[in-house]
Amino acid sequence: MHAEGFIPDRPSVSSTLPVVGDIEGIAFGGQIHGYVIKVGLESDSCVVSALIDMYGKCRHAEEMVRVFDEVGWMEVGSCNALVAGLSRNGLVNNALQAFREFRGQGIDLNVVSWTSIVACCAQNGKDMEALELFREMQLVGVEPNLVTIPCLLPACANIATLMHGKSAHCFSLRKGFSEDVYVASALVDMYAKCGRIRDARTIFDAMPSRNVVSWNAMMGGYAMHGKAKDVMELFNLMQTSPQKPDFITFTCVLSACSQAGLSGEGERYFYKMHQEHGIVARMEHYACMVSLLGRAGKLEEAYDLIRGMPSEADACIWGALLSSCRVHGNVRLGEIAAEKLFELEPGNAGNYVLLSNIYAAKGMWDGVDKVRDLMKSMRVRKNPGCSWIEIKNKVHMMLAGDKSHPQMNQIADRLEKLSVEMKRLGYLPSTDFVLQDVEEQDKEQILCGHSEKLAIALGLINTSHGTPLRVIKNLRICGDCHVAIKFISSFERREIFVRDTNRFHHFKDGVCSCGDYW
DNA sequence: GTAGGGTTAG
């Protein structure tokens, strides 16, 4: 425009800035900001919103806030841009604080404002807050729209609250939103993560149009449920559709192969990804491949792959190697991986726990002690285990060792009876999974207090015979609990789904869908 | 003719 002698005005500036933000071109964005001041557009509301958006997208949060503060007045558009910008920069608490302030100031917040804050919470691990704000927006008379729903659904999916997810689904059906590709893709994801993989597929099949996210959500769901065959079938079906797979599609395919132990298949996909689809392998793909080879027992090959990588391996990759070493009891490579991980993420307790489990499985107690001392000196504490179960539309949260649940006496009774029955059938408590420095008999007690066992006992007490139980855990499932739940699924004749940080374990008739490798 | 909110993995 400049070259041709035109003078950019308000609309030209307002429509150029978001593009600058999208490509993170702060140098150009700063120039436009200078131009805005020069020609006196700095108090135009559209221009201000666009500037805030641009600085937010370019990760210049301080400058973003400065622009907002300097205007001297508040208007809903720039407030919305600020909340979104804070959220995008991971400043959740600031976003929540700003939002409360806007409400206090009597700003007339609209559906965009409320959707932004719901999205902010859902994207930053504040799932309960997202649900609460969604309820509140309706209480104050702001009607959720087509965009609000896919912002809310990931929160339902994260904490697996089928009740809230279903209610958002019903809302979408009533409002005619359910065929929107964003809404439907988010529904597929939500149902899959709530353990309802078949419902997810029903939604997927009914979609009038699908984009790559829809396909990925469905394949990711199958992968999480350990259904590698379905992932590959869907991948083939996708080839006949107009949608091209992207790098996420391949993480789904590769992780599915890894879960199912299909190392040959996985290696072929890894090759095809580059050769036939022109997708360059990222860290995530290497992590899948390491896990794929490692879980198949090819630990040396996995280590070779890491050493042959074009760039330094990240924590996900070393973590995949360490997990595989835990599965196959490889102390040497486990120590190598752990050393890297202690360097890359010294505060991550999970890595110490894995290494300790490797030592414990080999009876190397001095190793176990060494890890415990290291954790002490690094001031790393094991995250408390936490499990949820939804029973009759109420979510119950159980913390490891917590005795505060109102039905605690019944839970303890039930666990005692389960323990007797399991031992009769040959269960031996695996006290190796207890990392604390306590007496052997106390270890068994600690295992009984694991959150997943508490949640399952609660579910058994409060649901009728034969009802499937669905439990979500914040950490990887404990090895002793995994054994115990297999027994329970068998003699209680219950299907039990446990979603841990990685995947679903579907226990039925004494076996688990993961085939005991995870 | 202009700004501000959207789903997927590891």
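This structure is a prediction, so every number in the text was calculated from the model and none was measured. All values below were derived from every heavy atom in this structure, side-chain atoms included, with hydrogens, water molecules and symmetry-related copies excluded. Naming: A, B, ... by sequence-line order, numbering from 1 per chain.
- Close placement of the A:His505 and A:His482 rings is indicated, their centers lying within 6.0 Å of each other.
- The residue A:Glu75 sits close to a base: some heavy atom pair falls under 4.0 Å.
- Scanning for salt bridge (charged side-chain N to carboxylate O under 4.0 Å, His left out) contacts around A:Glu136 gives A:Arg103, with sequence neighbours left out.
- In this structure, a donor-acceptor pair under 3.5 Å is absent between the side chains of A:Arg295 and A:Ser263.
- For DNA chain B, no neighbouring residue in residues 156-163 of chain A is found when judged by any heavy atom under 4.0 Å.
- Note that the CZ atom of A:Arg326 and the CG atom of A:Leu321 stand 13.5 Å from one another [nearest 0.5 Å].
- Judged as a ring-ring contact (aromatic ring centres under 6.0 Å, His included), and not counting sequence neighbours, A:Phe134 has no contacts.
- At a non-hydrogen distance threshold of 4.0 Å, A:Asn216, A:Phe247, A:Ile248 from residues 214-250 of chain A come into contact with DNA chain B.
- Aromatic pair A:Phe235/A:Tyr222: ring centres not closer than 6.0 Å.
- Here side chain to side chain donor-acceptor pair (under 3.5 Å) pairs that include residues 234-254 of chain A, with residues two or more places apart or in two chains, are A:Asn216-A:Asp246, A:Asn216-A:Thr249, A:Asp246-A:Thr249.
- By the side-chain contact (heavy atoms from CB on, under 4.5 Å) test, A:Lys175 pairs with A:Glu143, A:Phe171, A:Phe177, sequence neighbours left out.
- Annotation: proximity of residues 275-303 of chain A to DNA chain B (heavy atom, distance under 4.0 Å) is found for A:Glu284, numbered in ascending order.
- Of the residues in residues 90-111 of chain A, those with a non-hydrogen atom less than 4.0 angstrom from any atom of DNA chain B are A:Asn110, A:Val111.
- The ring-ring contact (aromatic ring centres under 6.0 Å, His included) test with A:His277 is passed by exactly one of A:Phe250, A:Phe247, A:Phe270: A:Phe250.
- Residue pairs meeting the side chain to side chain donor-acceptor pair (under 3.5 Å) criterion with at least one member in residues 151-167 of chain A, sequence neighbours excluded: A:Asp127-A:Asn158, A:Thr161-A:His164, A:Thr161-A:Glu390.
- Every residue two or more places apart in sequence or in another chain that forms a salt bridge (charged side-chain N to carboxylate O under 4.0 Å, His left out) with A:Asp53 is listed here: A:Lys57, A:Arg88.
- Among residues at least two apart or in separate chains, side chain to side chain donor-acceptor pair (under 3.5 Å) pairs with a member in residues 333-343 of chain A are A:Glu335-A:Tyr359.
- On the nucleic acid side, DNA chain B has its first and last nucleotide under 4.0 Å of a heavy atom of chain A at B:dG1 to B:dG10, going 5' to 3'.
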